[in-house]
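A short write-up of the structure that comes next.
Note: hydrogens, waters and symmetry copies are ignored here, and every other heavy atom, side chains too, is used. Computed from a predicted structure; not experimentally measured.
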Amino acid sequence: MASVEKLPMLAEGYEKLTAELKALREERPLIVDAIEEARAHGDLSENAEYHAAKERQGQVEATISDLEDKISRAQIIDPTTLSGDRIVFGATVTLLDDAEKPVRYQIVGQAEADAKRGRISYNSPLGRALIGRRVEDEIEVTVPSGDRFYVVEKIEFI
């Protein structure tokens, strides 16, 4: 039997996924009502409302299935309980870029990643390059905009 890979995430990401799942489950009966109403209009072959409702139903069911899978595999990690001298999931890292300008990122799950808020996925090119590194390690990362060079300045668990 294949092992189920755990999905690390912060509590905030878990709450976001469960809220999205709850909203989609609440939408289910509304979609069924829309399908029934459109079906009552007669000929289904040229009934745009019916086809749109059926398509939405398919999208919602697929998203619900995906969310249920992610939630069932969730491994919630609290960064404040972590410690050490290596970068791990949940760590907040201060890096110095080529121009010695500090940039700060927290390593999070894919559902929580938001580069504008300084949160990068552990699966991103930079996230993968950072995992396991220590203060003063030099890192080279190839990203879509080219190669980037960083030096790890600080590791925090906040």
Side-chain angles (χ1 to χ4, degrees), residues 1-32 34 52-158:
M1 185 170 168
S3 66
V4 177
E5 184 183 337
K6 289 288 185 187
L7 274 180
M9 63 181 68
L10 302 177
E12 180 182 319
Y14 183 82
E15 290 165 12
K16 180 179 165 189
L17 291 179
T18 55
E20 187 178 345
L21 178 61
K22 182 177 184 261
L24 288 173
R25 284 181 173 160
E26 290 170 356
E27 187 179 342
R28 273 177 164 163
L30 302 175
I31 294 171
V32 170
K54 288 295 280 181
E55 185 174 321
R56 178 65 184 150
Q57 183 181 40
Q59 292 168 342
V60 165
E61 292 303 324
T63 304
I64 285 174
S65 177
D66 183 53
L67 289 172
E68 287 174 341
D69 173 60
K70 287 177 180 174
I71 289 168
S72 72
R73 295 185 300 129
Q75 178 182 7
I76 300 169
I77 295 174
D78 179 359
T80 61
T81 64
L82 304 173
S83 63
D85 63 347
R86 290 185 178 270
I87 298 171
V88 295
F89 182 93
T92 299
V93 185
T94 303
L95 307 171
L96 294 177
D97 65 10
D98 297 342
E100 298 286 316
K101 181 180 154 222
V103 290
R104 189 171 166 171
Y105 295 111
Q106 182 177 26
I107 312 295
V108 297
Q110 292 170 307
E112 304 147 303
D114 182 353
K116 291 182 179 109
R117 291 181 50 214
R119 301 177 128 206
I120 58 171
S121 169
Y122 67 96
N123 270 340
S124 69
L126 181 55
R128 283 194 309 267
L130 288 171
I131 297 290
R133 301 302 183 111
R134 293 185 162 132
V135 172
E136 296 188 14
D137 280 358
E138 295 181 4
I139 298 161
E140 178 182 354
V141 180
T142 302
V143 293
S145 59
D147 291 344
R148 301 273 183 189
F149 299 92
Y150 298 100
V151 174
V152 179
E153 183 180 51
K154 185 166 47 170
I155 303 169
E156 300 171 279
F157 299 98
I158 51 177

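Residues forming a salt bridge (charged side-chain N to carboxylate O under 4.0 Å, His left out) with Glu26 (at least two apart in sequence, or on another chain): Lys22. Taking Arg56 as the reference, Glu27 meet the salt bridge (charged side-chain N to carboxylate O under 4.0 Å, His left out) condition, with sequence neighbours excluded. For Asp97, there are no salt bridge (charged side-chain N to carboxylate O under 4.0 Å, His left out) partners at least two apart in sequence or on another chain. For the salt bridge (charged side-chain N to carboxylate O under 4.0 Å, His left out) test, residues two or more places apart in sequence or in another chain that qualify with Lys70 are Asp66.
For residues 6-20, the set of pairs meeting the side-chain hydrogen bond (donor to acceptor under 3.5 Å, both in side chains) definition, not counting sequence neighbours, comprises Glu12-Arg119. Residue pairs meeting the ring-ring contact (aromatic ring centres under 6.0 Å, His included) criterion with at least one member in residues 73-124, sequence neighbours excluded: Phe89-Tyr122. For the ring-ring contact (aromatic ring centres under 6.0 Å, His included) condition, no pair includes a residue of residues 52-79, sequence neighbours left out. The ring-ring contact (aromatic ring centres under 6.0 Å, His included) pairs that include a residue from residues 55-84 number zero, where partners must be two or more places apart or lie in different chains. The list of salt bridge (charged side-chain N to carboxylate O under 4.0 Å, His left out) pairs with a residue in residues 122-139, not counting sequence neighbours, reads Asp85-Arg134. Here ring-ring contact (aromatic ring centres under 6.0 Å, His included) pairs that include residues 61-88, with residues two or more places apart or in two chains, number zero.
Nearest heavy-atom pair, Ala113 versus Ser121, reported as atom, atom and distance to 0.1 Å: CB-N, 3.8 Å. Nearest heavy atom pair, residue Ile139 against residue Ala129, reads CG2-CB, 3.7 Å. In plain terms, the two heavy atoms of Arg104 and Thr92 that are nearest each other are NE-CG2, 3.1 Å.
Ser124 OG to Leu126 CG: the interatomic distance, rounded to the nearest 0.5 Å, is 5.5 Å. Annotation: the span from Leu17 atom CG to Leu7 atom CG amounts to 9.0 Å, rounded to 0.5 Å.
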Stepwise side-chain contact (heavy atoms from CB on, under 4.5 Å) check, Gln106 with Glu156
CA-CA 9 Å; Gln106 182 177 26; Glu156 300 171 279; over 6 Å; no
Show me the donor-acceptor pairs within less than 3.5 Å that the side chains of residues 143-155 make with the rest of the protein, sequence neighbours left out.
residue, atom, partner, partner atom, Å
Ser145, OG, Arg148, NH2, 3.0
Asp147, OD1, Thr142, OG1, 2.8

For residues 71-79, dump all side-chain donor-acceptor pairs below 3.5 Å to protein atoms at least two apart in sequence or in another chain.
residue, atom, partner, partner atom, Å
Ser72, OG, Glu68, O, 3.4
Ser72, OG, Asp69, O, 2.8
Arg73, NE, Asp69, OD1, 3.3
Arg73, NE, Asp69, OD2, 3.3
Arg73, NH1, Glu5, O, 2.9
Arg73, NH2, Asp69, OD2, 3.2
Asp78, OD1, Thr80, N, 3.1
Asp78, OD1, Thr80, OG1, 2.7
Asp78, OD2, Thr80, OG1, 3.1

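Gln57 places no side-chain N or O within donor-acceptor distance of the main-chain N or O of Ile31, the cut-off being under 3.5 Å.
Using a 4.5 Å heavy-atom cutoff, the side chains of Ile107 and Ile120 are in contact.
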